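Here is the structure we will look at.
Keep in mind the model is a prediction, meaning the values are calculated, not measured. Within every chain, numbering begins at 1; the chains are lettered A, B, ... in the order of the sequence lines, protein sequences first and strands thereafter.
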Amino acid sequence: MSVLVQEAPFSVDQQQSLLLASTGGAGLVTFTGYLRDFSAQGAIEALELEHYPGMTERVLEELGAAAVNRFALRGWRIVHRYGRIEQQDPIVWVGVFADHRHEAFAGCQFIMDTLKTKAPFWKKEFMRDGRVIWVQAKLEDTEREHAWQEGVYE
Amino acid sequence: MSVLVQEAPFSVDQQQSLLLASTGGAGLVTFTGYLRDFSAQGAIEALELEHYPGMTERVLEELGAAAVNRFALRGWRIVHRYGRIEQQDPIVWVGVFADHRHEAFAGCQFIMDTLKTKAPFWKKEFMRDGRVIWVQAKLEDTEREHAWQEGVYE
Amino acid sequence: MLTVRFFSLIREALNCEELQVEHHASLLTLDDLKDNLVESGGEQWREALYQPNVVHALNQRVVNTDHELKDGDEVAFFPPMTGG
Amino acid sequence: MLTVRFFSLIREALNCEELQVEHHASLLTLDDLKDNLVESGGEQWREALYQPNVVHALNQRVVNTDHELKDGDEVAFFPPMTGG
């Protein structure tokens, strides 16, 4: 079980310890995504993340398994929150162990790039000025995900 | 002061907390390098890292500054041990904050790839069978560093 | 029965999170189900379900709308995902 | 005076970590210093300092051997680095 989808805040330290306890390797790459305080729309107060329970976990499990096959990973862990996220809170954490650093970097980036467009999460931004805005999917994210599919980064 | 070169073991959690306290950003990418238990030469018992005090710190400071300019980083921190390293111990830790995840991944990988061939450290492996071997620089590492110089990865 | 779920913008536009639809023989594909929902729901439903970029999931996997349905299936409609 | 430092394999081959060399007018470049060290040190020093891939640092920056020296400089010889 290397996927954790939860509403409560999580500790990055604790997640890294859990990954370390379950696996090893020469290189560990982690990504932590935090709530931005600014978007193209203005200053952000908070975020609400909706997800599709069940499908989310399955997509993330499959994504981790795909990364293991593709980049010869030794271990991985994905943590993603849903619900209301406050400023400075981590939203997502991905940790990836491999025998070589290049594989660890590629594996972690592949998971993040693919998660963005394949995991059923939807973000709603609560702006400082009171507006509430559903975040639009970025063309750039779709292009990155396609580039991985086509093996552009290898 | 974002460079720490020390003989004592360090805590990855603590280093990440220090970086978090000093900076922010939407994406944090970290790399932790651990002692491998195996090399092409066989089973490894421990490692001894020699370094060039003074030059090491300067090279790493310049490397962090170069990464900030090149990838628009918000913050960075490099920790590297010297002396005797035991199994499971982290040797090096690099953490990089940026506004966009791609920049954070690229910045962290650039620092690691360049550090490998530019920071004055030398590794001596103590093998299980009693042999003591100076680690040879890898052609692959030099090629990666040159590729960054030539902008191949951007 | 089919379970039909809506998420994000589409859930809000329809003011509906989930509904059950009886699985008729005429509901052969996801396209048929959409037509059926729009027929009973009206213009608001047409607008929400036929906006560009709607993603369709069948039993929690993204599929094309010509995918065949069987009794007990779970269908979901949602906008492009924005995780991470 | 010049401070000359040796690291890793080279330090071990010479059994020498550091030495002081007087800065003569004839020690114009790093090449001159190497010749001077080999002259007084003999075959073992020639082998260590002229092996392929020796890296040369002047005041803690990697340089070419035609770099000029001045009094007070710190010179270092070492094999390719293997950090990380």
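- When the shell of 6.0 Å around CD of Q20(C) is examined, it contains more than 12 heavy atoms from other residues, nucleotides or ligands.
- For R46(C), the CZ atom sits in a loose shell: 12 or fewer heavy atoms of surrounding residues, nucleotides or ligands are nearer than 6.0 Å.
- In this structure, M81(C) CE and K116(A) NZ are separated by 13.5 Å, a value rounded to the nearest 0.5 Å.
- The interface of residues 85-95 of chain A with chain C, defined by heavy-atom distances below 4.5 Å, comprises I91(A), V92(A).
- Of the atoms belonging to N53(C), not a single heavy atom falls under 4.5 Å from chain A.
- R74(A) is linked by a salt bridge (charged side-chain N to carboxylate O under 4.0 Å, His left out) to D99(A), counting only residues two or more places apart in sequence or in another chain.
- Residue E12(C) holds its CD atom at 5.0 Å from CH2 of W134(A), rounded to the nearest 0.5 Å.
- Contact residues of residues 12-26 of chain A toward chain C are absent (heavy-atom distance under 4.5 Å).
- Contacts of K124(A) with chain C are made by side-chain atoms alone, with heavy-atom separations under 4.5 Å and no backbone atom involved.
- Of the two parts of R5(C), only the side chain, counted from C-beta on, holds a non-hydrogen atom closer than 4.5 Å to a non-hydrogen atom of chain A.
- With a 6.0 Å radius and a threshold of 12 heavy atoms from other residues, nucleotides or ligands, N15(C) has its CG atom at or below the threshold.
- The environment of E17(C) atom CD is sparse: at most 12 non-hydrogen atoms of other residues, nucleotides or ligands sit within 6.0 angstrom.
- The aromatic rings of F7(C) and W122(A) sit parallel to each other, their planes meeting at less than 30°, with 60° as the upper class boundary.
- Of the inter-residue distances, the one linking E48(A) atom CD with S8(C) atom OG reads 10.5 Å to the nearest 0.5 angstrom.
- The nearest pair of heavy atoms linking T82(C) to Q136(A) is CG2-C, 3.8 Å.
- Looking at residues two or more places apart in sequence or on another chain, you find a ring-ring contact (aromatic ring centres under 6.0 Å, His included) between F77(C) and F6(C), H56(C).
- For the pair M55(A)/R61(C), no side-chain contact is recorded, criterion being any heavy-atom separation below 4.5 Å from C-beta on.
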